[in-house]
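Numbers for residues simply follow the sequence, beginning at 1.
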Amino acid sequence: MPSFIFHQGHAPLLISMPHTGTHVPGDIAAKLTPEGREVHDTDWHMPALYDFAKALGASILVATHSRYVIDLNRSPDGASLYPGQSVTGLCPVDGFDSKPLYASKADEPDDAEIARRRELYWHPYHAQLRAELDRIKRLHGVAMLWDAHSIRSVLPRFFEGKLPDMNLGTADGKSCDAALARQLLDIAQQSPGHTSVLNGRFKGGYITRNYGQPEQGFHAVQLEMTQSSYMQEQMPFDYLPATAARIQPTMQRLLQAVLAFAQRQGSAA
């Protein structure tokens, strides 16, 4: 199975979905616990949630393999995104509930296995991401990257209480134009029945921080959404279309604002 599915659009926007994959190769799955094989920490149903994005002309890059195989939103050297805070690694050995993913310590990936997975899965995804951003920049004079994520709304390991529904991250202002970031927060705050924050607990992972270079014309935003906004947060993790429909208009307005910004920037270039 290829490490990603890619749709090329015509607009100056790439949507990355690095954690929506559920596939675990058989040799790795055999070493996981039964619960580990259920890949609970997936960003479930991202393509369905963003089903309006192709009509906007966006390119879409979707991971096929589970983050339990390798986390595409981590630095290839495994450096922590949030030093001093609890995080999962490049090739995680525990889940969001802190339970071991592998049946035994001996089954956990060693350095050679991590390097193998990095070569097979991490590098192809990032090569495609880089190539598409560069193509968009050549065509439009600017390239917009939207890193699409979701997470359970209550996860004591990572944050206290209930997470805001829409967590916009721009690496504390480093990955995206500041005025655009404020506009996106304004749009999110107008969403009926939903809460939002900019650069709160989730400021953007490796993808946002690495590819967001606004001074070079590359603007990156991460949206970490609560799964309760669109799906069941517990097994069987069903997509809830009526629930999703309440937040999708806001998501569409967010992406339209990103595209309008890109059009203004491209015209000025």
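Across all their heavy atoms, Val39 and Ser66 have their closest contact at CG1-OG, 3.4 Å. Counting all heavy atoms, side chain and backbone alike, Thr226 lies closest to Pro164 at CG2-O, 3.2 Å. Here the closest non-hydrogen pair linking Thr170 and Ala181 is CG2-CB, 4.1 Å. Taking every heavy atom of both residues into account, Ala220 and Thr208 meet most closely at CB-O, 3.7 Å. For the pair Phe159 and Ser153, the tightest heavy-atom approach, listed with the atom from each and the gap, is CE1-O, 3.2 Å. Pro109 and Val93 make their closest contact through CD-CG1, 4.3 Å (heavy atoms, listed as atom of the first residue, atom of the second, distance).
The shortest side-chain heavy-atom distance between His194 and Arg246 falls under the 4.5 Å cut-off. In this structure, Val69 and Tyr121 have side chains that are in contact, with non-hydrogen atoms separated by less than 4.5 Å. Taking 4.5 Å as the limit, some side-chain heavy atom of Ile187 sits within range of a side-chain heavy atom of Thr250. Residues Asp134 and Lys137 form no side-chain contact, since every pair of their non-hydrogen atoms from C-beta on lies 4.5 Å or further apart. Counting heavy atoms from C-beta outward, Ser196 and Asp165 have side chains that stay 4.5 Å or more apart. A 4.5 Å side-chain heavy-atom check between Gln232 and Leu240 finds at least one atom pair inside the cut-off. Put simply, the side chain of Leu184 reaches to within 4.5 Å of the side chain of Val258, judged on heavy atoms. Annotation: side chain of Met166 is not in contact with side chain of Leu198 (no heavy-atom distance under 4.5 Å).
Under a 3.5 Å cut-off, the side chain of Thr33 and the backbone N or O of Ala103 do not form any donor-acceptor pair. Formation of a donor-acceptor pair under 3.5 Å by the Thr20 side chain with backbone atoms of Trp44 is not found in this model. Side chain of Gln248 to backbone of Leu49: a donor-acceptor contact under 3.5 angstrom is found. Remark: side-chain polar atoms of Arg118 are paired, donor with acceptor, to backbone N or O of Pro76 under 3.5 angstrom. Looking at Gln222, its side chain never comes within 3.5 Å of a backbone N or O of Asp147 through a donor-acceptor pair. Put simply, the side chain of Arg201 never gets that close to the backbone of Leu163: no donor and acceptor are under 3.5 Å apart. His140 contributes a side-chain N or O that, together with a main-chain N or O of His10, makes up a donor-acceptor pair within less than 3.5 Å.
Cluster membership check: Val142 does not share its hydrophobic cluster with Leu139, using side-chain heavy-atom separations under 4.5 Å among Ile, Leu, Val, Met, Phe, Trp and Tyr. Cluster annotation: Leu223 is not connected to Val197 through the hydrophobic network of ILVMFWY side chains, with a link wherever side-chain heavy atoms come within less than 4.5 Å. Taken together through direct or relayed side-chain contacts under 4.5 Å among Ile, Leu, Val, Met, Phe, Trp and Tyr, Phe96 and Phe202 form part of one hydrophobic cluster. Linking Ile, Leu, Val, Met, Phe, Trp and Tyr whenever their side-chain heavy atoms come within less than 4.5 Å leaves Met1 and Phe4 in two separate clusters. When hydrophobic clusters are built by joining Ile, Leu, Val, Met, Phe, Trp and Tyr residues whose side-chain heavy atoms come closer than 4.5 Å, directly or via intermediates, Val154 is not grouped with Met225.
Expressed to the nearest 0.5 Å, how far CG of Leu120 lies from OG of Ser3 amounts to 8.5 Å. Note that the CG atom of Leu145 and the NE2 atom of His219 stand 11.5 Å from one another [nearest 0.5 Å]. Here the CD1-SG distance, from Ile114 to Cys91, works out to 5.0 Å after rounding to the nearest 0.5 Å. Note that CG of Asp43 and CZ of Arg67 are 6.0 Å apart. Values are rounded to the nearest 0.5 Å. The line from OH of Tyr230 to OG of Ser150 is 2.5 Å long, rounded to the nearest 0.5 Å. Considering CG of Leu32 and CD of Glu35, their distance stands at 11.0 Å, rounded to 0.5 Å.
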Run the side chain to side chain contact (heavy atoms under 4.5 Å, CB included) test on Leu180 and Met144 for me, step by step, so that the C-alpha distance in whole Å, both residues' side-chain angles and the decisive distance to 0.1 Å come before the verdict. CA-CA 11 Å; Leu180 173 60; Met144 313 302 293; 3.6 Å; yes
Side chain to side chain contact (heavy atoms under 4.5 Å, CB included) evaluation trace for Glu113 with Ile28: CA-CA 10 Å; Glu113 172 62 11; Ile28 298 174; 4.2 Å; yes
Checking side chain to side chain contact (heavy atoms under 4.5 Å, CB included) for the pair Trp146/Leu14: CA distance, chi angles, key distance, verdict? CA-CA 6 Å; Trp146 189 268; Leu14 171 61; over 6 Å; no
What's the verdict on side chain to side chain contact (heavy atoms under 4.5 Å, CB included) for Leu129 and Ser16, showing C-alpha distance, side-chain angles and the deciding distance? CA-CA 8 Å; Leu129 198 162; Ser16 164; 4.1 Å; yes
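Salt-bridge annotation for Asp27 and Arg116: present, with a side-chain N of the basic residue lying under 4.0 Å from a carboxylate O of the acidic one. Taking a cutoff of 4.0 Å between a charged side-chain nitrogen and a carboxylate oxygen, Arg157 and Asp94 qualify as a salt bridge.
Enclosure of atom NZ in Lys99 is not indicated, since only 12 or fewer non-hydrogen atoms of other residues, nucleotides or ligands lie within 6.0 angstrom. More than 12 heavy atoms of other residues, nucleotides or ligands lie within 6.0 Å of CD in Glu215, so this atom counts as buried by the packing criterion.
Seen from the ring of Phe218, Arg130 counts as a face-on cation partner, given the 6.0 Å and 45° thresholds.
The salt bridge (charged side-chain N to carboxylate O under 4.0 Å, His left out) test applied to Arg135 returns Glu132, not counting sequence neighbours. Taking the side chain to side chain donor-acceptor pair (under 3.5 Å) definition, one finds that Arg37 meets it with nothing, sequence neighbours left out.
The stretch residues 19-42 participates, sequence neighbours left out, in these ring pair (Phe, Tyr, Trp, His ring centres under 6.0 Å) pairs: His19-His149, His23-His65, His40-Phe237.
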